[in-house]
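Notes for the one structure printed next.
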Amino acid sequence: MTPAKWAKVWNERLPDIPLTLVQVPAAEAPEVLRAGEADAGFVRLPVDRTFFSAIPLYTETTVVVVPKDHLITAADEVTLADLADEVLFHPLDDVFDWDAPPGEPAFERPATTPDAIELVAANVGLLVVPQSLARLYHRRDLTYRPVVDAPQSSVALSWPEEATTDLVEDFIGIVRGRTVNSTRGRTAASSPADAKGKRSEQGGSRQSPAAKSPAKSSGKPAGRTTRARTGGGKSAKPAKRGKPRRRS
């Protein structure tokens, strides 16, 4: 995740309320938000919809990471069937919930995605990841190709439903592209109460944990998630940092 553009807009609109971005491992983002260590965050779906609100932002392309001299590089894109005879690593922090992992199993599961990348570079096997992770851990001796029928990973802006403050709404508005003069309203993300009245609701509104309010915001490069906080205090609740100007 690269939330710098949103942080810039935040600083322009709310210069008296610092916004701190902190990078955390993607798997830890939900607990960071639950603990109140961040106000909002960019996380991978799904998340606990009974606790978090979430606004889906985009779905990533899935790719296979291979050595530059691998036969797969001759193709522009591949399918899972093309990988059936390849050794594929499934690290313990794999973001995909495979029903049946493709390819030949490796002798052991790497602890982390970076560890798996090192093994790919050693020509031991291949790795299927979201494209942002392939870019994050890019090496000169590796490349990647899209896997057209592989599972995909979605990224969302998320926060605890009960911690939806005015500052959280401000940050949501910035991420959604609202202008400074836009009327701020309740976000489209569903709440636990909404879920009772809308049983037909499709998953997408509140699905991924990240952080509490825009005073702390979390954004991750796909493999890692950043959390953000205002000021330097540990809990750094926006309300304690100062009250934003009320909009009439």
Side-chain angles (χ1 to χ4, degrees), residues 1-3 23-32 41-47 54 56-158 203-204 207-210 218-227:
M1 229 17 232
T2 52
Q23 192 176 62
V24 298
E28 297 177 12
E31 293 311 311
V32 167
F42 299 100
V43 301
R44 292 192 179 278
L45 299 177
V47 294
L57 300 177
Y58 58 86
T59 298
E60 289 198 68
T61 297
T62 300
V63 302
V64 58
V65 180
V66 302
K68 279 193 172 180
D69 59 355
H70 196 282
L71 289 175
I72 281 179
T73 60
D76 292 331
E77 57 186 28
V78 298
T79 65
L80 290 177
D82 295 326
L83 307 176
D85 297 328
E86 302 285 348
V87 172
L88 288 183
F89 296 112
H90 301 286
L92 297 178
D93 63 355
D94 195 341
V95 301
F96 298 122
D97 184 16
W98 298 97
D99 292 329
E104 296 291 332
F107 58 93
E108 66 178 353
R109 296 186 65 184
T112 66
T113 296
D115 291 337
I117 291 289
E118 292 295 325
L119 292 172
V120 175
N123 284 295
V124 179
L126 310 182
L127 176 65
V128 175
V129 292
Q131 183 170 302
S132 61
L133 285 183
R135 290 175 173 172
L136 176 66
Y137 301 119
H138 172 70
R139 292 174 49 121
R140 292 183 178 180
D141 52 349
L142 300 180
T143 186
Y144 57 84
R145 292 292 184 270
V147 185
V148 295
D149 57 347
Q152 294 180 310
S153 177
S154 296
V155 174
L157 170 63
S158 183
Q207 299 181 333
S208 114
S218 134
K220 143 188 176 195
R224 299 182 62 78
T225 303
T226 56
R227 62 179 182 184

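- Here D97 contributes atom CG and D99 contributes atom CG; the two are 6.5 Å apart, rounded to the nearest 0.5 Å.
- Nearest heavy-atom pair across A134 and V129 is N-CG2, 3.9 Å.
- Between S153 and L133 the shortest side-chain heavy-atom distance does not fall below 4.5 Å.
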| said: Could you walk me through whether T143 and H70 satisfy the side-chain contact (heavy atoms from CB on, under 4.5 Å) test, starting with their C-alpha distance in whole Å, then the side-chain angles of each, then the deciding distance to 0.1 Å, before giving a yes or no? | reply: CA-CA 9 Å; T143 186; H70 196 282; over 6 Å; no
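- For P101 against H90, the heavy-atom pair with the smallest separation is CB-NE2, 3.2 Å.
- Checked by atom type and distance alone, the side chain of D82 pairs as donor or acceptor with a backbone atom of T79 at under 3.5 Å.
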| Derivation and outcome, side-chain contact (heavy atoms from CB on, under 4.5 Å), residues R145 and T73 | CA-CA 7 Å; R145 292 292 184 270; T73 60; 3.8 Å; yes
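- For the pair A156 and P56, the tightest heavy-atom approach, listed with the atom from each and the gap, is CB-CA, 3.7 Å.
- Between the side chain of D149 and the main chain of L80, a donor-acceptor pair closer than 3.5 Å is present.
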| query | Going through the distances and angles, do V120 and F89 end up as a side-chain contact (heavy atoms from CB on, under 4.5 Å)? | reply | CA-CA 8 Å; V120 175; F89 296 112; 4.1 Å; yes
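- Side chain of T62 to main chain of P151: a donor-acceptor pair is present (N/O by atom type, distance under 3.5 Å, no hydrogens or angles).
- Here the side chains of L119 and P110 are in contact, with some heavy-atom distance below 4.5 Å.
- Side-chain atoms of R44 never come within 3.5 Å of backbone atoms of V155 as a donor-acceptor pair (strictly under, hydrogens ignored).
- Minimum interatomic distance between Q131 and E60 (heavy atoms only, all atoms of both residues): N-OE1, 3.6 Å.
- Taken to the nearest 0.5 Å, the CD atom of E118 stands 4.5 Å off from the CZ atom of R139.
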| said: Set out, in order, the CA-CA distance, both residues' side-chain angles and the distance that settles side-chain contact (heavy atoms from CB on, under 4.5 Å) for V63 and T61, then state yes or no. | reply: CA-CA 6 Å; V63 302; T61 297; 4.2 Å; yes
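- Heavy atoms only, all atoms of each residue included: T59 and S154 are closest at OG1-OG, 2.8 Å.
- The neighbour count for D69 CG, taken as heavy atoms of other residues, nucleotides or ligands under 6.0 Å away, is above 12.
- The nearest pair of heavy atoms linking D94 to W98 is OD2-NE1, 3.1 Å.
- Annotation: the span from E86 atom CD to L71 atom CG amounts to 8.0 Å, rounded to 0.5 Å.
- Looking at V148 and V78, their side chains never come closer than 4.5 Å, going by heavy atoms from C-beta outward.
- In this structure, L127 and Y144 have side chains that are not in contact, with every pair of non-hydrogen atoms separated by 4.5 Å or more.
- When side chains are defined from C-beta on, L92 does not count as touching T112, because their heavy atoms never get closer than 4.5 Å.
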